[in-house]
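Letters A, B, ... are given to chains in the order of the sequence lines, protein chains preceding strands, and every chain is numbered from 1.
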Protein chains: 2
Amino acid sequence: MKNSELGTENKISQFIKRSKELGLKVTPQRIAIYRELAGSMQHPSTEMIYKNIKDYYPNISLTTVYRTLETFERMGLISVVNTLYHAARYDANMEPHHHVVCVKCKKIEDIYDDSIAYSELDPQIDNYKILGYSVLFSGICEECKTLNN
Amino acid sequence: MKNSELGTENKISQFIKRSKELGLKVTPQRIAIYRELAGSMQHPSTEMIYKNIKDYYPNISLTTVYRTLETFERMGLISVVNTLYHAARYDANMEPHHHVVCVKCKKIEDIYDDSIAYSELDPQIDNYKILGYSVLFSGICEECKTLNN
DNA sequence: GTCTCAAACCGCATGCCATGCAGAAAACTG
DNA sequence: CAGTTTTCTGCATGGCATGCGGTTTGAGAC
């Protein structure tokens with residue numbers, strides 16, 4: 001085993017332990033999916049994970065990969081980088097500002113708060129040419145809080 | 001005209017002026033789409049804008065709304081709240097950290113930088129129950145910078 | 001080890017979001 | 001107001017995601 005994979009194998013042990021605690025069954029598909037994600041630096045999409053697993057696990061179903069990632073995310077084992085991935089959301093307000101999104105109803109509201117600003121915009125992060133940044137808070141809005149009571 | 005709409009009409013005048021400067025033709029469809037977006041606090045999706053316009057402009061095409069928003073965004077007249085809207089991207093790393101996305105190749109990389117942290121997580125933003133937040137930088141990665149030269 | 005059952009998997013159907021294309025319509029220029 | 005170029009439209013297509021029903025399998029009980 002390569003040295004770089006030791007961390008991944010440790011994460012998988014943790015994952016199995018945590019799955020059992022959560023009452024989730026540990027299947028070969030789930031281990032393969034988690035291994036692929038934990039061993040990747042790519043923040044992969046469902047299809048990317050599916051394609052990689054297919055190489056050594058040709059019978060796995062794409063639907064399973066979708067469901068499994070959804071389950072892992074719901075149980076807090078993994079996270080989604082882009083919570084608002086379902087459809088493009090537009091904004092005519094070009095002033096610098098931030099957003100808060102309700103995880104229940106997907107409503108987005110503006111936040112104007114200078115203390116959030118990261119004014120020291122470092123143009124050299126990882127050799128990127130940085131064009132901008134945004135802060136996205138997630139939470140539960142007042143209406144959805146009320147509905148859940 | 002309602003008072004609250006005065007701001008919107010001002011924005012439309014600015015929009016028309018800016019469109020001409022950019023060499024974009026000013027059409028009734030474009031004005032309707034921009035008005036809908038500028039008058040909304042919803043950060044609407046393409047379909048939401050389309051449905052609202054349909055009420056008073058029944059012949060407009062959904063395809064036009066898609067293309068037009070795309071054009072406006074490309075020309076810098078409006079912006080997309082969620083740049084990574086095409087597909088869910090997952091992350092097994094549950095430690096607090098931030099991301100930088102390349103606008104060209106959609107690659108996502110991690111950023112660990114405590115100075116970005118917004119530790120004073122105000123649980124009362126707009127009466128939301130705040131669950132978390134993330135900072136997303138956008139830019140052009142090293143490979144894509146090289147390719148564009 | 002075997003039994004049992006709920007959970008998970010699979011594959012297909014379906015639906016939404018988004019874009020390519022080509023002909024028709026309309027906006028700007030002179 | 002005629003010509004040119006952009007824009008609009010409607011349909012076809014494709015990717016991402018999820019609902020559903022039948023089959024398989026993991027995990028606890030015995």
What integer distance in Å separates [X]:[atom1] from [N]:[atom2]?
| X | N | atom1 | atom2 | value |
| --- | --- | --- | --- | --- |
| B:Tyr85 | D:dC16 | OH | P | 13 Å |
| B:Ile53 | D:dT9 | CD1 | C1' | 15 Å |
| B:His86 | D:dG14 | NE2 | C1' | 12 Å |
| B:Asn59 | D:dT9 | CG | P | 8 Å |
| A:Leu62 | D:dG15 | CG | P | 12 Å |

*Does A:Tyr85 have any ring-ring contact (aromatic ring centres under 6.0 Å, His included) partners at least two apart in sequence or in another chain, and if so, which?*
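Partners of A:Tyr85 under the ring-ring contact (aromatic ring centres under 6.0 Å, His included) test: none.
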*Would you please test A:Ile108 and A:Asp91 for side chain to side chain contact (heavy atoms under 4.5 Å, CB included) and show each step?*
CA-CA 10 Å; A:Ile108 303 171; A:Asp91 194 344; over 6 Å; no
Quick one: side chain to side chain donor-acceptor pair (under 3.5 Å) partners of [X], sequence neighbours excluded?
| X | result |
| --- | --- |
| B:Lys25 | none |
| B:Glu73 | none |
| B:Gln14 | none |
| B:Glu36 | B:Asn52, B:Tyr56 |

*What pairs meet the salt bridge (Lys or Arg N to Asp or Glu O under 4.0 Å) rule with one or both residues in residues 39-68 of chain B, with sequence neighbours excluded?*
none
*Considering only heavy atoms of chain B and a distance under 4.0 Å, specify the first and last nucleotide of DNA chain C in 5' to 3' order that meet this criterion.*
C:dC17 to C:dC28
*Starting from the 5' end of DNA chain C, give me the residue, B:Glu47 or A:Thr64, whose nearest nucleotide shows up first.*
A:Thr64
*Hey, which of A:Val100, A:Ile111, A:Thr83 is the one that makes side-chain contact (heavy atoms from CB on, under 4.5 Å) with A:Leu136?*
A:Thr83
*Check each of B:Glu142, B:Lys145, B:Glu109, B:Lys107 against A:Tyr128 using the side-chain hydrogen bond (donor to acceptor under 3.5 Å, both in side chains) test, and report the only one that passes.*
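Among B:Glu142, B:Lys145, B:Glu109, B:Lys107, the one that satisfies the side-chain hydrogen bond (donor to acceptor under 3.5 Å, both in side chains) with A:Tyr128 is B:Glu109.
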*Partner set under salt bridge (Lys or Arg N to Asp or Glu O under 4.0 Å) for B:Arg89, not counting sequence neighbours*: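 In terms of salt bridge (Lys or Arg N to Asp or Glu O under 4.0 Å), with neighbours along the sequence ignored, B:Arg89 is linked to no residue.
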*Report the residues that fulfil salt bridge (Lys or Arg N to Asp or Glu O under 4.0 Å) with A:Glu21, sequence neighbours left out, ordered by chain and then residue number.*
A:Lys17, A:Arg18
*Residues from residues 66-82 of chain B sitting under 4.0 Å of DNA chain C, heavy atoms only?*
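Contacting residues: B:Tyr66, B:Arg67, B:Glu70.
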*Give the angle between the helix axes at the two ends of the helix from C:dG1-D:dC30 to C:dG30-D:dC1, taking five base pairs at each end and rounding to 10°.*
50°
*A:Asn127 CG to B:Ile140 CD1 distance, which is reported to the nearest 0.5 Å*: 13.5 Å
*Using heavy atoms to find the nearest nucleotide of DNA chain D for B:Arg30 and B:Thr63 separately, return the residue whose nucleotide is more 5′.*
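Taking each residue's closest nucleotide, the earlier one in sequence belongs to B:Arg30.
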Can you give me the N/O atom pairs linking the protein to nucleotides 23-27 of chain D at distances under 3.5 Å, or say none if there are none?
residue, atom, partner, partner atom, Å
D:dG26, O3', A:Val26, O, 3.3
D:dG26, N2, A:Lys25, NZ, 3.2
D:dA27, OP1, A:Val26, N, 2.8

*Name the orientation class of the two ring planes belonging to B:Phe15 and B:Phe72 (parallel below 30°, tilted from 30 to 60°, perpendicular beyond 60°).*
perpendicular
